[in-house]
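Only one structure is covered here, and it is reproduced in the block below.
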Amino acid sequence: MQGGSVSARPDRNSHDSRVPWNGHAGGWGGAAYFGTSAGVTRTPVVFVHGNRSEADAWQAHAADLLCAGASGDDVWAVEFSSRTPSHDQMAAELEAFVSALRAHTGCGEVDIVAHSLGVTGVRHWMATRDGDEHVRRFVSIAGANHGLKLATSPARFGVSSGPFGPAQFLRDDYERVPAHPLAKLNEPPEVPEGVTAFTVRGRRDRLFAGSRDSPLLANAERNILLDTGHLGSKNGTRARAVVLSLLTGSAGNH
């Protein structure tokens, strides 16, 4: 790793303290945060957390990239201002974060790695705010791209439904709901033109009981199945190696 190590988490109330810009686009990343030389060496990577998670859930992945030769300005993670953000909120905050990152680095594109609820949040951002124009690669990990059986019961999902809140957004019978946003996202092509997408999912992921193929994207470059569960598809040793290979272009057969 070039100069320094992955930083410990400061006061959670200091939402913007770990990014080199002001405004509502919290998270961490950049040369100052990691203690490396300034400047990008590759397309910057943005890690996007899921439901009830946070940016620090990606610290190990950041370390993997830095150890593989990435600079601090290549590695970023967004942190949403709510523990269970709506898809509209994720889209707005992703827009702010990626816009600030692009201005800071001078890069026109980013690579996105998202997990769980963050996956459909990223897709919603790309669809509603033309975010796909600034995405080169998209790694979708354990995302409910085609809905969840349990999402039809908001109490089981652990959130209030609201008008297209997370639980209702991820219902598996979305095609029967007029103007449902997930139906729009899944119109062909499921991956926007110009974006290279990969999906990663776990064979033992209980979130997808009854909807095993939900994480797949029809026109993804590859759909990768690992022998693991929901968190293991992101945090497991094999999963981290897969993500690193997809980002660095060294992916073989997994």
Side-chain angles (χ1 to χ4, degrees), residues 47-53 84 87 90 111-128 131-132 135 137-154 156-159 161 164-236 238-243 245-247 251-254:
F47 292 104
V48 182
H49 67 79
N51 185 34
R52 299 181 181 180
S53 189
T84 301
H87 286 79
M90 285 188 282
D111 289 344
I112 299 277
V113 181
H115 179 246
S116 197
L117 186 64
V119 168
T120 44
V122 169
R123 294 185 67 206
H124 190 57
W125 165 64
M126 290 195 292
T128 61
D132 57 293
V135 176
R137 291 185 182 180
F138 174 39
V139 181
S140 163
I141 305 174
N145 289 313
H146 297 275
L148 299 169
K149 291 291 184 185
L150 57 80
T152 57
S153 173
R156 290 184 63 195
F157 192 66
V159 295
S161 58
F164 296 135
Q168 292 302 307
F169 194 107
L170 298 179
R171 55 190 296 161
D172 71 316
D173 59 348
Y174 57 86
E175 292 179 334
R176 301 205 307 264
V177 180
H180 195 285
L182 197 56
K184 183 67 176 177
L185 292 186
N186 290 328
E187 291 178 354
E190 293 180 4
V191 178
E193 185 177 351
V195 176
T196 300
F198 306 88
T199 73
V200 180
R201 69 195 192 282
R203 188 189 312 276
R204 294 182 280 113
D205 191 336
R206 291 183 294 176
L207 188 68
F208 297 108
S211 51
R212 293 296 180 190
D213 291 338
S214 181
L216 303 180
L217 290 170
N219 57 323
E221 185 77 9
R222 286 174 53 206
N223 291 297
I224 300 167
L225 179 64
L226 302 178
D227 187 25
T228 188
H230 191 66
L231 289 178
S233 63
K234 176 175 78 73
N235 297 333
R238 183 58 173 163
R240 283 171 49 193
V242 167
V243 170
S245 68
L246 294 175
L247 292 172
N253 293 321
H254 296 286

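Quick note: residue numbers are just sequence positions, from 1.
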Which distance, rounded to the nearest 0.5 Å, do you find between the [atom1] of [X] and the [atom2] of [Y]?
X      : Y      : atom1 : atom2 : value
Arg212 : Leu207 : CZ    : CG    : 9.5 Å
Met90  : Thr84  : CE    : OG1   : 9.5 Å
Asp205 : Leu231 : CG    : CG    : 8.5 Å
Lys234 : Arg240 : NZ    : CZ    : 9.5 Å
Ser245 : Phe198 : OG    : CZ    : 8.5 Å

Measure across [X] and [Y] and return the closest heavy-atom pair with its distance rounded to 0.1 Å.
X      : Y      : result
Gly147 : Ser214 : O-OG, 2.7 Å
Ala114 : Phe138 : CB-CE1, 4.1 Å
Ser233 : His115 : OG-NE2, 4.2 Å
Leu170 : Leu117 : CD1-CD1, 3.7 Å
Leu216 : Arg201 : CD2-NH1, 3.1 Å
Val119 : Asn145 : CG1-OD1, 3.3 Å

Residue list, side-chain contact (heavy atoms from CB on, under 4.5 Å) with Asp132, at least two apart or on another chain: Met126, Pro192, Val195

Test side-chain contact (heavy atoms from CB on, under 4.5 Å) applied to Leu185 - qualifying residues, sequence neighbours left out: Arg123, Ala127, Phe169, Leu182

Sub-4.5 Å side-chain heavy-atom contact between Pro189 and Asn219: yes

Heavy-atom side-chain proximity of His146 to Asn186 below 4.5 angstrom: yes

Summary of salt bridge (Lys or Arg N to Asp or Glu O under 4.0 Å) pairs that have at least one residue in residues 181-190, sequence neighbours excluded: Lys184-Glu187

Val113 and its side-chain contact (heavy atoms from CB on, under 4.5 Å) partner, picked from Leu246, Ile141, Val48, Val200: Ile141

Among Thr228, Leu225, Leu226, the one residue meeting side-chain contact (heavy atoms from CB on, under 4.5 Å) with Arg203: Leu225

Any donor-acceptor N/O pair, Arg204 side chain to Asp227 backbone, under 3.5 Å: yes

No-hydrogen, no-angle side-chain donor-acceptor test under 3.5 Å, His230 and Ser116: yes

